[in-house]
There are 2 protein chains.
Amino acid sequence: MSYSVAALSKLIEQFERMPGVGHKSAQRMAFYVLDMKPEDAKKFADAINEAHEKIHKCKVCCNLTEDELCSVCKNEARDKSIVCVVEDPRDVMAIEKTHEFEGTYHVLHGAISPMGGIGPDQLTIKELLARLDGVSEVIMATNPTVEGEATAMYISRLLKPLGIKTTRLAYGVPVGADLEYADEVTLTRAMEGRREI
Amino acid sequence: MSYSVAALSKLIEQFERMPGVGHKSAQRMAFYVLDMKPEDAKKFADAINEAHEKIHKCKVCCNLTEDELCSVCKNEARDKSIVCVVEDPRDVMAIEKTHEFEGTYHVLHGAISPMGGIGPDQLTIKELLARLDGVSEVIMATNPTVEGEATAMYISRLLKPLGIKTTRLAYGVPVGADLEYADEVTLTRAMEGRREI
(Lines give C-alpha, C1' and ligand atoms only; values in the text may rest on other atoms or scores of the structure.)
Protein backbone atom coordinates (compact mmCIF):
# COMPACT_ATOMS: atom_id res chain seq x y z
CA MET A 1 0.00 0.00 0.00
CA SER A 2 1.43 3.35 -0.88
CA TYR A 3 0.64 6.37 1.20
CA SER A 4 -2.96 7.30 0.71
CA VAL A 5 -3.04 11.01 1.41
CA ALA A 6 -3.33 12.38 -2.12
CA ALA A 7 -2.15 15.89 -1.32
CA LEU A 8 0.93 14.48 0.38
CA SER A 9 1.79 12.07 -2.43
CA LYS A 10 1.43 14.93 -4.87
CA LEU A 11 3.87 17.06 -2.89
CA ILE A 12 6.35 14.18 -2.58
CA GLU A 13 6.15 13.67 -6.33
CA GLN A 14 6.91 17.32 -6.94
CA PHE A 15 10.03 17.22 -4.78
CA GLU A 16 11.08 13.95 -6.38
CA ARG A 17 11.30 15.73 -9.74
CA MET A 18 14.03 18.04 -8.43
CA PRO A 19 17.55 17.16 -9.59
CA GLY A 20 19.40 14.94 -7.13
CA VAL A 21 16.36 14.24 -4.99
CA GLY A 22 15.29 10.61 -4.51
CA HIS A 23 12.08 9.29 -3.02
CA LYS A 24 13.30 9.25 0.59
CA SER A 25 14.61 12.82 0.43
CA ALA A 26 11.43 13.97 -1.30
CA GLN A 27 9.45 12.41 1.53
CA ARG A 28 11.54 14.20 4.14
CA MET A 29 11.08 17.50 2.33
CA ALA A 30 7.33 17.05 2.00
CA PHE A 31 7.01 16.30 5.70
CA TYR A 32 9.21 19.28 6.44
CA VAL A 33 6.84 21.46 4.45
CA LEU A 34 3.89 20.00 6.35
CA ASP A 35 5.62 20.87 9.61
CA MET A 36 6.18 24.45 8.50
CA LYS A 37 4.00 27.21 9.81
CA PRO A 38 1.18 27.85 7.29
CA GLU A 39 2.50 31.32 6.52
CA ASP A 40 5.98 29.93 5.82
CA ALA A 41 4.59 27.30 3.45
CA LYS A 42 2.66 30.06 1.73
CA LYS A 43 5.90 32.02 1.34
CA PHE A 44 7.58 28.98 -0.20
CA ALA A 45 4.78 28.52 -2.72
CA ASP A 46 4.82 32.24 -3.47
CA ALA A 47 8.59 32.17 -4.06
CA ILE A 48 8.07 29.52 -6.75
CA ASN A 49 5.29 31.45 -8.44
CA GLU A 50 7.12 34.74 -8.15
CA ALA A 51 10.33 33.38 -9.59
CA HIS A 52 8.42 32.27 -12.64
CA GLU A 53 6.49 35.48 -13.04
CA LYS A 54 9.25 37.97 -12.39
CA ILE A 55 12.39 36.45 -13.82
CA HIS A 56 13.15 36.72 -17.53
CA LYS A 57 16.17 37.21 -19.78
CA CYS A 58 18.15 40.47 -19.84
CA LYS A 59 17.53 42.32 -23.11
CA VAL A 60 21.25 42.56 -23.81
CA CYS A 61 23.09 39.57 -22.36
CA CYS A 62 20.23 37.06 -21.85
CA ASN A 63 21.21 36.51 -18.22
CA LEU A 64 18.31 36.19 -15.78
CA THR A 65 16.93 39.37 -14.29
CA GLU A 66 13.78 40.90 -12.89
CA ASP A 67 14.32 44.15 -14.79
CA GLU A 68 14.83 44.99 -18.43
CA LEU A 69 18.61 44.89 -17.97
CA CYS A 70 20.52 42.66 -15.58
CA SER A 71 22.66 44.18 -12.83
CA VAL A 72 25.86 43.70 -14.83
CA CYS A 73 24.58 45.30 -18.04
CA LYS A 74 23.06 48.13 -15.99
CA ASN A 75 26.35 48.82 -14.22
CA GLU A 76 28.12 51.83 -15.77
CA ALA A 77 31.46 50.71 -14.35
CA ARG A 78 31.56 47.44 -16.30
CA ASP A 79 33.66 47.32 -19.44
CA LYS A 80 31.15 46.84 -22.26
CA SER A 81 33.90 46.14 -24.79
CA ILE A 82 34.69 42.76 -23.25
CA VAL A 83 32.03 40.05 -23.44
CA CYS A 84 32.42 36.76 -21.62
CA VAL A 85 30.27 34.06 -23.23
CA VAL A 86 28.97 31.39 -20.82
CA GLU A 87 26.52 28.52 -21.12
CA ASP A 88 24.46 29.14 -18.06
CA PRO A 89 23.43 31.84 -15.54
CA ARG A 90 25.16 29.76 -12.87
CA ASP A 91 28.44 30.30 -14.70
CA VAL A 92 27.92 34.05 -14.37
CA MET A 93 27.49 33.56 -10.63
CA ALA A 94 30.70 31.52 -10.50
CA ILE A 95 32.76 34.12 -12.39
CA GLU A 96 31.24 37.02 -10.44
CA LYS A 97 32.38 35.33 -7.25
CA THR A 98 36.01 35.78 -8.34
CA HIS A 99 35.53 39.60 -8.22
CA GLU A 100 38.14 39.78 -10.98
CA PHE A 101 36.17 40.18 -14.16
CA GLU A 102 35.21 43.73 -15.08
CA GLY A 103 33.56 43.07 -18.44
CA THR A 104 30.07 41.92 -19.31
CA TYR A 105 28.55 38.52 -20.03
CA HIS A 106 26.54 36.77 -22.64
CA VAL A 107 24.51 33.75 -21.54
CA LEU A 108 23.89 31.15 -24.26
CA HIS A 109 21.44 29.08 -22.19
CA GLY A 110 22.99 25.84 -23.32
CA ALA A 111 25.67 24.47 -25.63
CA ILE A 112 25.57 22.98 -29.09
CA SER A 113 24.82 19.29 -28.70
CA PRO A 114 23.81 17.25 -31.76
CA MET A 115 23.16 14.28 -29.43
CA GLY A 116 20.83 16.36 -27.29
CA GLY A 117 19.18 17.87 -30.35
CA ILE A 118 20.42 21.37 -29.52
CA GLY A 119 21.63 23.38 -32.52
CA PRO A 120 23.01 26.93 -32.68
CA ASP A 121 19.53 28.31 -33.31
CA GLN A 122 18.33 27.24 -29.86
CA LEU A 123 21.08 29.24 -28.19
CA THR A 124 21.24 33.04 -27.92
CA ILE A 125 23.92 33.31 -30.60
CA LYS A 126 22.01 35.76 -32.76
CA GLU A 127 21.55 38.00 -29.72
CA LEU A 128 25.34 37.86 -29.29
CA LEU A 129 25.96 38.80 -32.92
CA ALA A 130 23.52 41.70 -32.57
CA ARG A 131 25.46 43.31 -29.71
CA LEU A 132 28.99 43.27 -31.11
CA ASP A 133 29.08 46.99 -31.81
CA GLY A 134 31.98 48.41 -29.75
CA VAL A 135 33.06 44.98 -28.54
CA SER A 136 36.80 44.34 -28.81
CA GLU A 137 37.14 40.93 -27.18
CA VAL A 138 34.89 37.94 -26.72
CA ILE A 139 36.03 35.44 -24.09
CA MET A 140 34.64 31.96 -24.66
CA ALA A 141 33.97 30.62 -21.17
CA THR A 142 31.84 27.65 -22.14
CA ASN A 143 32.40 24.43 -20.21
CA PRO A 144 35.52 22.34 -20.92
CA THR A 145 33.35 19.56 -22.37
CA VAL A 146 32.82 18.32 -25.90
CA GLU A 147 29.67 20.42 -26.21
CA GLY A 148 31.22 23.54 -24.68
CA GLU A 149 34.26 23.13 -26.90
CA ALA A 150 32.15 22.77 -30.03
CA THR A 151 30.11 25.82 -29.10
CA ALA A 152 33.25 27.88 -28.50
CA MET A 153 34.65 26.81 -31.88
CA TYR A 154 31.40 27.54 -33.66
CA ILE A 155 31.08 31.03 -32.23
CA SER A 156 34.75 31.91 -32.70
CA ARG A 157 34.40 31.04 -36.39
CA LEU A 158 31.50 33.45 -36.67
CA LEU A 159 33.43 36.22 -34.92
CA LYS A 160 36.84 35.95 -36.61
CA PRO A 161 35.68 37.35 -39.98
CA LEU A 162 34.29 40.35 -38.07
CA GLY A 163 37.77 41.11 -36.75
CA ILE A 164 36.87 40.55 -33.10
CA LYS A 165 39.48 39.03 -30.83
CA THR A 166 38.18 35.71 -29.52
CA THR A 167 39.83 34.05 -26.53
CA ARG A 168 39.25 30.86 -24.57
CA LEU A 169 39.61 30.24 -20.83
CA ALA A 170 42.95 28.65 -19.96
CA TYR A 171 43.08 24.91 -19.41
CA GLY A 172 45.30 23.60 -16.67
CA VAL A 173 45.45 21.94 -13.29
CA PRO A 174 42.92 23.32 -10.80
CA VAL A 175 44.46 25.24 -7.92
CA GLY A 176 44.72 23.09 -4.81
CA ALA A 177 44.44 19.84 -6.74
CA ASP A 178 46.90 16.99 -6.67
CA LEU A 179 48.93 16.48 -9.85
CA GLU A 180 48.80 12.75 -9.27
CA TYR A 181 45.06 12.76 -9.79
CA ALA A 182 44.92 15.11 -12.76
CA ASP A 183 43.89 13.36 -15.99
CA GLU A 184 46.30 13.16 -18.93
CA VAL A 185 44.41 15.58 -21.14
CA THR A 186 44.34 18.26 -18.46
CA LEU A 187 48.04 17.72 -17.73
CA THR A 188 48.91 17.95 -21.41
CA ARG A 189 46.95 21.19 -21.69
CA ALA A 190 48.60 22.52 -18.56
CA MET A 191 52.01 21.78 -20.07
CA GLU A 192 51.10 23.44 -23.33
CA GLY A 193 49.83 26.51 -21.52
CA ARG A 194 52.83 26.84 -19.19
CA ARG A 195 53.98 30.38 -18.45
CA GLU A 196 57.22 31.95 -17.31
CA ILE A 197 57.31 32.85 -13.63
CA MET B 1 28.87 39.74 -5.24
CA SER B 2 26.02 37.43 -4.52
CA TYR B 3 23.40 36.80 -7.13
CA SER B 4 21.31 39.89 -7.63
CA VAL B 5 18.00 38.53 -8.85
CA ALA B 6 15.89 38.89 -5.71
CA ALA B 7 13.17 36.45 -6.71
CA LEU B 8 15.81 33.83 -7.48
CA SER B 9 17.71 34.34 -4.21
CA LYS B 10 14.44 34.03 -2.36
CA LEU B 11 13.66 30.73 -4.06
CA ILE B 12 17.16 29.39 -3.39
CA GLU B 13 16.77 30.35 0.27
CA GLN B 14 13.50 28.45 0.48
CA PHE B 15 15.05 25.28 -0.91
CA GLU B 16 18.05 25.70 1.37
CA ARG B 17 15.76 25.38 4.39
CA MET B 18 14.76 21.85 3.36
CA PRO B 19 16.41 19.06 5.37
CA GLY B 20 19.59 17.77 3.75
CA VAL B 21 19.75 20.50 1.12
CA GLY B 22 22.87 22.68 0.97
CA HIS B 23 23.40 25.89 -0.97
CA LYS B 24 24.58 24.22 -4.17
CA SER B 25 21.68 21.78 -4.28
CA ALA B 26 19.24 24.58 -3.48
CA GLN B 27 20.66 26.51 -6.40
CA ARG B 28 20.23 23.57 -8.73
CA MET B 29 16.65 23.09 -7.58
CA ALA B 30 15.81 26.76 -8.00
CA PHE B 31 17.20 26.76 -11.54
CA TYR B 32 15.29 23.58 -12.21
CA VAL B 33 12.10 25.31 -11.13
CA LEU B 34 12.93 28.25 -13.40
CA ASP B 35 13.37 25.85 -16.30
CA MET B 36 9.99 24.24 -15.63
CA LYS B 37 7.02 25.11 -17.80
CA PRO B 38 5.02 27.86 -16.07
CA GLU B 39 2.06 25.56 -15.55
CA ASP B 40 4.29 22.95 -13.92
CA ALA B 41 5.78 25.50 -11.55
CA LYS B 42 2.25 26.59 -10.71
CA LYS B 43 1.38 22.97 -9.94
CA PHE B 44 4.39 22.71 -7.64
CA ALA B 45 3.38 25.84 -5.73
CA ASP B 46 -0.20 24.61 -5.56
CA ALA B 47 0.93 21.24 -4.18
CA ILE B 48 2.62 23.05 -1.29
CA ASN B 49 -0.40 25.20 -0.54
CA GLU B 50 -2.80 22.30 -0.95
CA ALA B 51 -0.85 20.01 1.35
CA HIS B 52 -1.11 22.62 4.04
CA GLU B 53 -4.76 23.34 3.52
CA LYS B 54 -6.05 19.81 3.08
CA ILE B 55 -3.97 17.64 5.37
CA HIS B 56 -4.80 17.36 9.06
CA LYS B 57 -4.82 14.71 11.77
CA CYS B 58 -7.19 11.73 11.72
CA LYS B 59 -9.81 12.11 14.45
CA VAL B 60 -9.01 8.67 15.86
CA CYS B 61 -5.34 7.83 15.32
CA CYS B 62 -3.83 11.29 14.66
CA ASN B 63 -2.21 10.05 11.43
CA LEU B 64 -2.30 12.51 8.53
CA THR B 65 -5.35 12.47 6.30
CA GLU B 66 -7.45 14.64 4.05
CA ASP B 67 -10.70 13.28 5.49
CA GLU B 68 -12.12 13.02 8.96
CA LEU B 69 -10.72 9.50 9.33
CA CYS B 70 -7.53 8.18 7.76
CA SER B 71 -7.64 5.27 5.32
CA VAL B 72 -6.61 2.75 7.99
CA CYS B 73 -9.21 3.83 10.56
CA LYS B 74 -11.85 3.94 7.84
CA ASN B 75 -11.03 0.42 6.69
CA GLU B 76 -13.60 -2.06 8.07
CA ALA B 77 -11.20 -4.96 7.56
CA ARG B 78 -8.57 -3.62 9.98
CA ASP B 79 -8.48 -5.09 13.47
CA LYS B 80 -9.47 -2.21 15.75
CA SER B 81 -8.49 -4.15 18.88
CA ILE B 82 -4.77 -3.88 18.07
CA VAL B 83 -3.17 -0.46 18.15
CA CYS B 84 0.38 0.08 17.00
CA VAL B 85 1.84 3.25 18.53
CA VAL B 86 4.42 5.04 16.36
CA GLU B 87 6.21 8.36 16.61
CA ASP B 88 5.67 9.63 13.11
CA PRO B 89 3.40 9.28 10.06
CA ARG B 90 6.46 8.03 8.16
CA ASP B 91 6.61 5.06 10.53
CA VAL B 92 3.06 4.19 9.50
CA MET B 93 4.20 4.22 5.88
CA ALA B 94 7.14 1.95 6.75
CA ILE B 95 4.97 -0.60 8.58
CA GLU B 96 2.24 -0.49 5.92
CA LYS B 97 4.86 -1.42 3.34
CA THR B 98 5.37 -4.78 5.08
CA HIS B 99 1.72 -5.68 4.25
CA GLU B 100 1.76 -7.80 7.41
CA PHE B 101 0.08 -5.66 10.03
CA GLU B 102 -3.71 -5.88 10.16
CA GLY B 103 -4.37 -3.66 13.16
CA THR B 104 -4.61 0.11 13.45
CA TYR B 105 -2.13 2.82 14.38
CA HIS B 106 -1.72 5.66 16.77
CA VAL B 107 0.65 8.45 15.76
CA LEU B 108 2.25 10.31 18.66
CA HIS B 109 3.84 13.03 16.50
CA GLY B 110 7.08 12.89 18.44
CA ALA B 111 8.67 11.21 21.43
CA ILE B 112 9.24 12.31 25.00
CA SER B 113 12.48 14.26 25.07
CA PRO B 114 13.34 16.35 28.11
CA MET B 115 16.40 17.65 26.22
CA GLY B 116 14.22 18.79 23.31
CA GLY B 117 11.63 20.21 25.68
CA ILE B 118 8.98 17.71 24.58
CA GLY B 119 6.85 16.31 27.39
CA PRO B 120 3.99 13.79 27.30
CA ASP B 121 1.48 16.63 26.95
CA GLN B 122 2.85 17.63 23.55
CA LEU B 123 2.25 14.13 22.18
CA THR B 124 -1.13 12.61 21.34
CA ILE B 125 -1.13 10.42 24.44
CA LYS B 126 -4.49 11.63 25.76
CA GLU B 127 -6.02 10.83 22.36
CA LEU B 128 -4.59 7.32 22.76
CA LEU B 129 -6.06 6.92 26.25
CA ALA B 130 -9.42 8.11 24.94
CA ARG B 131 -9.67 5.34 22.33
CA LEU B 132 -8.82 2.27 24.44
CA ASP B 133 -12.38 0.99 24.52
CA GLY B 134 -12.31 -2.47 22.90
CA VAL B 135 -8.53 -2.45 22.50
CA SER B 136 -6.80 -5.63 23.65
CA GLU B 137 -3.19 -4.98 22.68
CA VAL B 138 -1.04 -1.90 22.24
CA ILE B 139 2.21 -2.47 20.34
CA MET B 140 4.85 0.14 21.16
CA ALA B 141 6.65 0.74 17.86
CA THR B 142 8.47 3.91 18.83
CA ASN B 143 12.05 4.23 17.61
CA PRO B 144 14.81 2.18 19.26
CA THR B 145 16.36 5.37 20.65
CA VAL B 146 16.54 6.80 24.16
CA GLU B 147 13.54 9.02 23.47
CA GLY B 148 11.51 6.26 21.81
CA GLU B 149 12.36 3.90 24.64
CA ALA B 150 11.33 6.42 27.30
CA THR B 151 8.08 7.09 25.48
CA ALA B 152 7.31 3.39 25.23
CA MET B 153 7.99 2.94 28.96
CA TYR B 154 5.89 5.96 29.87
CA ILE B 155 2.88 4.82 27.87
CA SER B 156 3.13 1.19 28.95
CA ARG B 157 3.01 2.32 32.59
CA LEU B 158 -0.19 4.19 31.86
CA LEU B 159 -1.74 1.18 30.13
CA LYS B 160 -0.80 -1.62 32.53
CA PRO B 161 -3.21 -0.55 35.33
CA LEU B 162 -5.97 -0.62 32.69
CA GLY B 163 -5.26 -4.28 32.00
CA ILE B 164 -4.25 -3.78 28.41
CA LYS B 165 -1.49 -5.96 26.99
CA THR B 166 1.42 -3.78 25.98
CA THR B 167 4.16 -5.15 23.71
CA ARG B 168 7.34 -3.76 22.21
CA LEU B 169 8.86 -4.39 18.78
CA ALA B 170 11.58 -7.05 18.90
CA TYR B 171 15.18 -5.91 18.98
CA GLY B 172 17.71 -7.89 17.00
CA VAL B 173 20.03 -7.93 14.04
CA PRO B 174 18.52 -6.41 10.90
CA VAL B 175 17.84 -8.92 8.14
CA GLY B 176 20.60 -8.86 5.53
CA ALA B 177 23.08 -7.20 7.84
CA ASP B 178 26.50 -8.51 8.73
CA LEU B 179 26.92 -9.75 12.32
CA GLU B 180 30.44 -8.42 12.28
CA TYR B 181 29.16 -4.86 12.01
CA ALA B 182 26.31 -5.12 14.50
CA ASP B 183 26.92 -3.11 17.67
CA GLU B 184 27.21 -4.83 21.03
CA VAL B 185 23.88 -3.61 22.40
CA THR B 186 21.98 -4.87 19.36
CA LEU B 187 23.78 -8.22 19.53
CA THR B 188 23.05 -8.57 23.24
CA ARG B 189 19.38 -7.84 22.58
CA ALA B 190 19.34 -10.31 19.70
CA MET B 191 20.80 -12.97 22.01
CA GLU B 192 18.28 -12.22 24.71
CA GLY B 193 15.44 -12.38 22.21
CA ARG B 194 16.57 -15.63 20.56
CA ARG B 195 13.81 -18.00 19.58
CA GLU B 196 13.62 -21.71 18.95
CA ILE B 197 13.60 -22.68 15.27
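The chains referred to below are lettered A, B, ... by the order of the sequence lines, with proteins before strands, and numbering in each begins at 1.
- Note: Leu8(A) CG to Met93(B) CE = 6.0 Å, rounded to the nearest 0.5 Å.
- In this structure, Leu11(B) is a member of the same hydrophobic cluster as Met29(A), with clusters built from ILVMFWY side-chain heavy atoms closer than 4.5 Å.
- Annotation for Lys74(A): atom NZ counts as buried by contact number, over 12 foreign heavy atoms lying within 6.0 Å.
- Residues Val85(A) and Leu162(A) share a hydrophobic cluster, clusters being chains of Ile/Leu/Val/Met/Phe/Trp/Tyr side chains in contact below 4.5 Å.
- For the atom pair CE (Met18(A)) and CZ (Arg28(B)), the distance works out to 11.0 Å, reported to the nearest 0.5 Å.
- Cluster annotation: Tyr32(A) is connected to Val33(B) through the hydrophobic network of ILVMFWY side chains, with a link wherever side-chain heavy atoms come within less than 4.5 Å.
- With a 6.0 Å radius and a threshold of 12 heavy atoms from other residues, nucleotides or ligands, Lys10(A) has its NZ atom at or below the threshold.
- Linking Ile, Leu, Val, Met, Phe, Trp and Tyr whenever their side-chain heavy atoms come within less than 4.5 Å puts Met140(B) and Leu129(B) in one cluster.
- Against chain B, the residues from residues 34-57 of chain A that qualify, each with a non-hydrogen atom under 4.5 angstrom away, are Leu34(A), Met36(A), Lys37(A), Pro38(A), Asp40(A), Ala41(A), Lys42(A), Lys43(A), Phe44(A), Ala45(A), Ala47(A), Ile48(A), Asn49(A), Glu50(A), Ala51(A), His52(A), Lys54(A), Ile55(A) in number order.
- Environment of CD in Gln122(A): crowded, with over 12 heavy atoms of neighbouring residues, nucleotides or ligands closer than 6.0 Å.
- In terms of heavy-atom proximity, Arg90(B) sits nearest to Phe31(A) at CG-CE1, 3.3 Å.
- Ranked by heavy-atom pairs shorter than 4.5 Å toward chain A, the options His109(B), Gln27(B), Arg17(B) are led by Arg17(B).
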